[in-house]
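The chain is numbered in sequence order, starting from 1. Any value given below was found using the heavy atoms of this structure, including those in side chains, with hydrogens, waters and symmetry copies removed.
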Amino acid sequence: MLTGLRLENIALIDSLELNFDQGFTVLTGETGAGKSILLDALDVLFGGSQSTVGSRLLRADANRGRIEASFSLTPIVESWLQDHQFESEESELLLSKDWRRMDDRISSRTRLNGVVVNRQQVLSLRPLLIDLTVQGQTQQLGRPGQQRRWLDRLGGDALSALLVRSQQVWGQWHQAFKELEKAQSDLERLEIERQDQQLFLEQLELADLDDPLEDQALQQEQDRLVHGVRLQEGLGVLLGSLQLGSDQAPSVVDQLAACAHELQQMVQLDPSLLSQKDQCLDLEAGLQDLIRSFERYGELLESDPERLAVLQDRIAVLKTLQRRHGMDLSQLLTRRDQLRGLLNTGGTDALIEQLQNNEQNARLDRDQINQELTAARQVVARQLEQTLMMILRPMGLANVRFEVQLDAVAPSEHGADGVRFLFSANPGQPLAPLAEVASGGEMSRFLLALKTTLSAVDGSSTLLFDEIDSGVSGRVSGEMASLLKQLSQHRQVFCVTHQPLVAAAADQHFRVSKSVEQGVTHSRVSQLRDTQAREQELAELAGGDLAEARAYAASLLVQPAA
């Protein structure tokens with residue numbers, strides 16, 4: 001619950017620090033005293049509709065301002081803090097917003113337990129802590145999807161699970177639909193390109209590609225044939241040096257043979273040279289292998305003009321393909337296989353058919369879960385109709401009719417239902433959209449009934465009502481006071497009111513007043529702790545002859561709304 005509120009240089013308030021208890025709290029005072037400033041401050045603090053102009057709350061003559069609220073923690077709030085990696089101190093949450101004016105420019109900063117946070121984080125936390133309702137809240141009723149969100153909240157965990165599933169299957173269908181849409185849009189372009197692709201494939205098939213390294217092997221063989229004479233000359237030099245030698249020097253083979261013979265003689269004198277002798281013999285055997293490989297290589301150096309022409313033609317074909325299409329042989333082989341699948345086996349048609357099947361299956365899943373979601377919403381809608389009419393009728397709306405209408409709309413992640421609240425307060429008056437036909441007083445009662453119903457499943461601990469009882473009669477305000485009192489048994493409730501019946505039902509009563517000092521208006525907030533002070537305030541709310549009003553106020557405090 002909200003345990004404390006501190007304001008510095010906010011609107012008409014210089015400095016204010018209030019502490020609150022559980023139960024039902026009212027704020028009263030003359031018009032213009034600043035009663036709604038307290039609720040406006042909380043709305044701004046939690047990033048509400050006034051947050052973008054919240055700097056206007058800063059006193060005109062002040063360079064700094066501050067709003068600070070403290071809350072006791074509930075398990076759901078503690079879970080939120082843990083999920084968002086915030087530390088909680090002594091089971092308390094402290095949210096503050098500071099303004100600073102510098103050179104006609106106002107900056108602000110919001111902190112949660114001392115850590116700077118952004119508006120999105122605050123808005124995420126807000127539903128867990130406060131729920132603010134103002135009289136004639138037609139703008140909120142008219143927000144797209146708001147009535148659907150209220151209905152879904154009443155559905156509890158079962159409907160929430162369906163919503164999660166609906167979001168999942170809608171996302172899967174949307175992805176499948178986008179893939180199919182893209183493939184179909186590409187199909188026309190592919191058909192235009194098909195002739196060029198077919199020609200490309202024919203060229204690749206005609207080239208009879210197989211080995212991605214073929215061009216390198218062909219180049220090596222061509223070079224060998226082109227330089228055959230020079231290679232034969234070099235081979236002759238090698239073999240001559242290894243096998244034949246010259247007049248000036250014996251061959252390498254002769255040299256190694258002489259070395260081996262000498263080592264054989266030495267080993268007989270010193271056996272430790274045996275390993276060196278074996279190495280020399282290994283060299284002699286390896287040299288013989290080398291000579292034989294050179295001889296085999298020499299057999300390949302036979303001049304073959306016809307083979308050279310074939311090689312050069314093949315190399316030209318491969319180079320032309322690579323240059324024309326900007327691909328190496330490996331890429332050409334990959335592209336050929338792709339085109340075979342796309343053009344020769346009806347790959348495009350097969351792809352489109354597969355994507356159509358994917359989209360159809362995903363759409364069936366989407367529509368199935370949407371049907372389940374619609375059925376669940378219809379059950380909750382009937383329950384809401386019965387509950388609200390049961391609450392509204394005692395509040396001067398004996399002939400009220402209320403209906404939750406579900407309209408089929410284009411599927412989205414929220415399902416396929418448009419939700420409208422239809423309302424009629426008088427006999428003969430047809431059902432019509434609530435925001436269009438409800439008067440201010442009727443809207444006040446409806447919002448109170450709705451929030452009372454939502455409080456049974458809502459996570460917010462603190463409910464705040466700003467003049468929710470405005471425009472209703474004394475008897476109706478008594479019923480509203482009773483409802484607020486009942487609501488405060490399991491929720492902390494705040495209400496700004498002008499109705500003495502409502503104020504008399506409160507557990508805590510704060511009076512807001514204003515005064516003018518040296519031409520500057522100031523607001524003051526004081527808690528009315530004793531019966532006499534409350535009696536006087538209720539009498540002022542009741543108006544009329546002072547003695548009669550005091551007697552009426554005293555009777556209210558003797559038997560407040562239960």
### Task
Kindly determine whether His509 and Thr28 satisfy side chain to side chain donor-acceptor pair (under 3.5 Å), including the steps that lead there.
CA-CA 8 Å; His509 190 159; Thr28 60; 2.8 Å; yes
Sidechain-backbone polar pair: [X] side chain, [Y] backbone, donor-acceptor under 3.5 Å:
{"X": "Ser444", "Y": "Ile468", "value": "yes"}
{"X": "Gln492", "Y": "Leu2", "value": "yes"}
{"X": "Ser488", "Y": "Arg491", "value": "no"}
{"X": "Lys35", "Y": "Gly29", "value": "yes"}
{"X": "His84", "Y": "Trp80", "value": "yes"}
{"X": "Ser91", "Y": "Leu73", "value": "no"}
{"X": "Ser108", "Y": "Trp99", "value": "no"}
{"X": "Arg401", "Y": "Gln429", "value": "yes"}
{"X": "Arg119", "Y": "Gly47", "value": "yes"}
{"X": "Asp417", "Y": "Val419", "value": "no"}

Are side-chain heavy atoms of [X] and [Y] found at a separation under 4.5 Å?
{"X": "Thr374", "Y": "Gln371", "result": "no"}
{"X": "Glu467", "Y": "Thr497", "result": "no"}
{"X": "Glu78", "Y": "Thr74", "result": "no"}
{"X": "Leu38", "Y": "Leu7", "result": "yes"}
{"X": "Val525", "Y": "Leu18", "result": "yes"}
{"X": "Cys495", "Y": "Val502", "result": "yes"}
{"X": "Asn118", "Y": "Gln121", "result": "yes"}
{"X": "Ile67", "Y": "Arg6", "result": "no"}

### Query
Which is it for Arg64 and Arg101 under the side chain to side chain contact (heavy atoms under 4.5 Å, CB included) test, yes or no, and what are the steps along the way?
CA-CA 6 Å; Arg64 294 176 183 272; Arg101 191 196 311 271; over 6 Å; no
Side chains of [X] and [Y]: donor-acceptor distance under 3.5 Å anywhere?
{"X": "Gln354", "Y": "Asn358", "result": "yes"}
{"X": "Glu68", "Y": "Ser96", "result": "no"}
{"X": "Lys451", "Y": "Thr133", "result": "yes"}
{"X": "Ser166", "Y": "His414", "result": "no"}
{"X": "Gln82", "Y": "Ser79", "result": "no"}

### Message
Apply side chain to side chain contact (heavy atoms under 4.5 Å, CB included) to residues Val26 and Leu484 and explain how you reach the verdict.
### Response
CA-CA 10 Å; Val26 295; Leu484 288 165; over 6 Å; no
Around [X], counting heavy atoms of other residues, nucleotides and ligands shown, do more than 12 lie under 6.0 Å from its [atom1]?
{"X": "Glu8", "atom1": "CD", "value": "yes"}
{"X": "Asp83", "atom1": "CG", "value": "yes"}
{"X": "Arg109", "atom1": "CZ", "value": "no"}
{"X": "Gln120", "atom1": "CD", "value": "yes"}
{"X": "Arg100", "atom1": "CZ", "value": "no"}

### Task
Classify the angle between the aromatic ring planes of Phe402 and Phe446 as parallel (below 30°), tilted (30 to 60°) or perpendicular (above 60°).
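Phe402 and Phe446: tilted rings.
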### Task
Take the angle between the ring planes of Phe20 and Phe494 and call it parallel below 30°, perpendicular above 60°, tilted in between.
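Plane angle over 60°, so perpendicular.
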### Query
CD/Gln405 to CD/Gln147 distance, rounded to the nearest 0.5 angstrom?
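Rounded to the nearest 0.5 Å, the CD-CD separation comes to 10.5 Å.
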### Task
Decide yes or no on side chain to side chain donor-acceptor pair (under 3.5 Å) for Ser36 and Asp466, but give the supporting numbers first.
CA-CA 7 Å; Ser36 295; Asp466 189 6; 3.0 Å; yes
### Task
Walk me through it: do Glu372 and Asn370 pass the test side chain to side chain donor-acceptor pair (under 3.5 Å)?
CA-CA 5 Å; Glu372 296 178 23; Asn370 284 347; over 6 Å; no
### Task
Verify side chain to side chain donor-acceptor pair (under 3.5 Å) between Gln175 and Glu179, making sure each step is shown before the conclusion.
CA-CA 6 Å; Gln175 179 66 26; Glu179 291 176 356; 3.1 Å; yes
### Shortest non-hydrogen separation from Leu397 to Ala425 and the atoms involved
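In this case the closest contact between Leu397 and Ala425 is CD2-CB, 4.1 Å.
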### Query
What is the minimum heavy-atom distance between Leu463 and Ser455, and which atoms define it?
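Scanning both residues, the minimum pair turns out to be CD1-CB, 4.1 Å.
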In terms of side-chain geometry, is the basic nitrogen of [X] or [Y] positioned less than 4.0 Å from the acidic oxygen of its partner?
{"X": "Glu479", "Y": "Arg475", "result": "no"}
{"X": "Glu442", "Y": "Arg445", "result": "no"}
{"X": "Arg148", "Y": "Asp407", "result": "no"}

### Task
Would you kindly check if the NZ (Lys) or CZ (Arg) of Arg366 is within the cone defined by 45 degrees around the ring axis of Trp173 and under 6.0 Å from the six-membered ring centre?
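Yes.
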### Task
Please find out if less than 6.0 Å separates the ring center of Phe71 from that of Phe46.
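Ring centroids of Phe71 and Phe46 are less than 6.0 Å from each other.
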### Message
Apply side chain to side chain contact (heavy atoms under 4.5 Å, CB included) to residues Leu5 and Leu42 and explain how you reach the verdict.
### Response
CA-CA 9 Å; Leu5 180 65; Leu42 284 169; 4.0 Å; yes
### Message
Determine whether Ile391 and Thr453 satisfy the following criterion, side chain to side chain contact (heavy atoms under 4.5 Å, CB included), listing intermediate values before the conclusion.
### Response
CA-CA 9 Å; Ile391 298 174; Thr453 304; 3.7 Å; yes
### Summary of side chain to side chain donor-acceptor pair (under 3.5 Å) pairs that have at least one residue in residues 379-390, sequence neighbours excluded
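Qualifying pairs, neighbours excluded: Arg382-Glu385.
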